[in-house]
Amino acid sequence: MRSTLREVMSQFATGVIVVTVGGEHVHGMTANAFTSVSLDPALVLCCVAHSAVMHGAINASGRFAVSVLGADQEATARHFADKNRPLGPAQFTSLDWWSGPRSQAPLISGALGWLECEIVQSHDSGDHTIFIGSVLEAWRGGDGPGLLFYNGAFRSVDGVESAPDRVRTLQ
């Protein structure tokens, strides 16, 4: 079942983010299990494996930040997905970033958008925890193409919308 589930879910395109924690437990992690929950109040969620270093970092901090990656940031996504990268502040030395004013978490320069969040709820579910964050700050970056993860590979979304007359409804 696990391998079939992985295959099926690989067909669901997702955006790619780097979630970060600042302060004493500074850490970054590439993720795609992230979404908006509510606009009023402003809430987002991120799912993190119990076994991930990020799990302990988020729990210890109570806050996290999100950098929404653009298509030109695939190397950054790969860096924060690499389990062999240095941990702590050293994992950020080769990157251009700035410290979030509310979370002190690193925010990746050049991203398409940034959020700073405070955890308001967490729910253990299977081998992950669903962290729900109240959005403290949000900034929009450039209008470049977004970075996607689809079918086991990084892809780009170019922002070109389909013309309404080309949209086909499935019956």
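The figures here come from the full heavy-atom set of this structure, side chains too, leaving out hydrogens, waters and symmetry mates. These figures come from a predicted structure and were not determined experimentally.
The shortest distance between side-chain heavy atoms of I58 and I119 falls below 4.5 Å. Looking only at side-chain heavy atoms (C-beta outward), V26 and P106 come within less than 4.5 Å of each other. Side chains of N151 and R155 form a contact here, defined as non-hydrogen atoms less than 4.5 Å apart. Residues L69 and L112 are not in side-chain contact: their nearest non-hydrogen atoms beyond the backbone lie 4.5 Å or more apart. Counting only heavy atoms from C-beta outward, the side chains of T30 and V16 approach each other to under 4.5 Å. Side-chain contact between V18 and M29 is absent, with no heavy-atom pair separated by less than 4.5 Å. Contact of the F80 side chain with the F92 side chain is registered, since non-hydrogen atoms from C-beta on lie closer than 4.5 Å.
Taking all atoms of both residues into account, the shortest heavy-atom contact from G133 to C117 is CA-CB, 4.1 Å. Across all non-hydrogen atoms, the minimal contact from L147 to A77 is CD2-CB, 3.9 Å. Closest heavy-atom contact between W97 and I108: CB-CA, 4.3 Å.
Counted by atom type alone, H27 and T20 present zero donor-acceptor pairs between their side chains at under 3.5 Å. When only modelled atom types and interatomic distance are considered, H50 and T129 share a side-chain donor-acceptor pair under 3.5 Å.
Under a 3.5 Å cut-off, the side chain of Q11 and the backbone N or O of V8 do not form any donor-acceptor pair. Judged by distance alone, with hydrogens and angles left aside, the side-chain atoms of Q104 form a donor-acceptor pair with the main-chain N or O of P101 at under 3.5 Å. For the pair S125 (side chain) and H128 (backbone), a donor-acceptor distance under 3.5 Å is absent.
Residue E24 qualifies as open at atom CD: its count of foreign heavy atoms under 6.0 Å is 12 or below. Open room surrounds CG on L39; 12 or fewer heavy atoms of other groups in view lie less than 6.0 Å from it.
The salt bridge (charged side-chain N to carboxylate O under 4.0 Å, His left out) test with R102 singles out one residue from E116, E137, E118, and that residue is E137.
Interatomic distance, S156 OG to L148 CG, rounded to the nearest 0.5 Å: 7.0 Å. To the nearest 0.5 Å, atom CG of residue D82 and atom CZ of residue R78 are 10.5 Å apart. Here the CG-OG distance, from L45 to S122, works out to 12.0 Å after rounding to the nearest 0.5 Å. Rounded to the nearest 0.5 Å, atoms NE2 (H79) and OG (S94) are 5.0 Å apart.
You'll find the ring centres of W139 and W98 inside the 6.0 Å limit. Ring to ring, H55 and F131 are close: their centroids are under 6.0 angstrom apart.
Criterion: ILVMFWY side-chain heavy atoms under 4.5 Å apart, direct or through other members. Under it, I130 and V120 are part of a common hydrophobic cluster. The cluster map of Ile, Leu, Val, Met, Phe, Trp and Tyr, joined by side-chain heavy atoms under 4.5 Å apart, puts L107 and L115 in different clusters. Note on L43 and V68: separate hydrophobic clusters, where clusters join Ile, Leu, Val, Met, Phe, Trp and Tyr whose side-chain heavy atoms are under 4.5 Å apart, directly or indirectly.
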Check your understanding: Can you check side-chain contact (heavy atoms from CB on, under 4.5 Å) on F64 and V44, steps first, answer last?
Key -> CA-CA 11 Å; F64 64 93; V44 296; 4.3 Å; yes
Practice item. Go through the steps to decide whether I17 and N32 satisfy the test side-chain contact (heavy atoms from CB on, under 4.5 Å), and finish with yes or no. Key: CA-CA 6 Å; I17 65 162; N32 64 349; over 6 Å; no
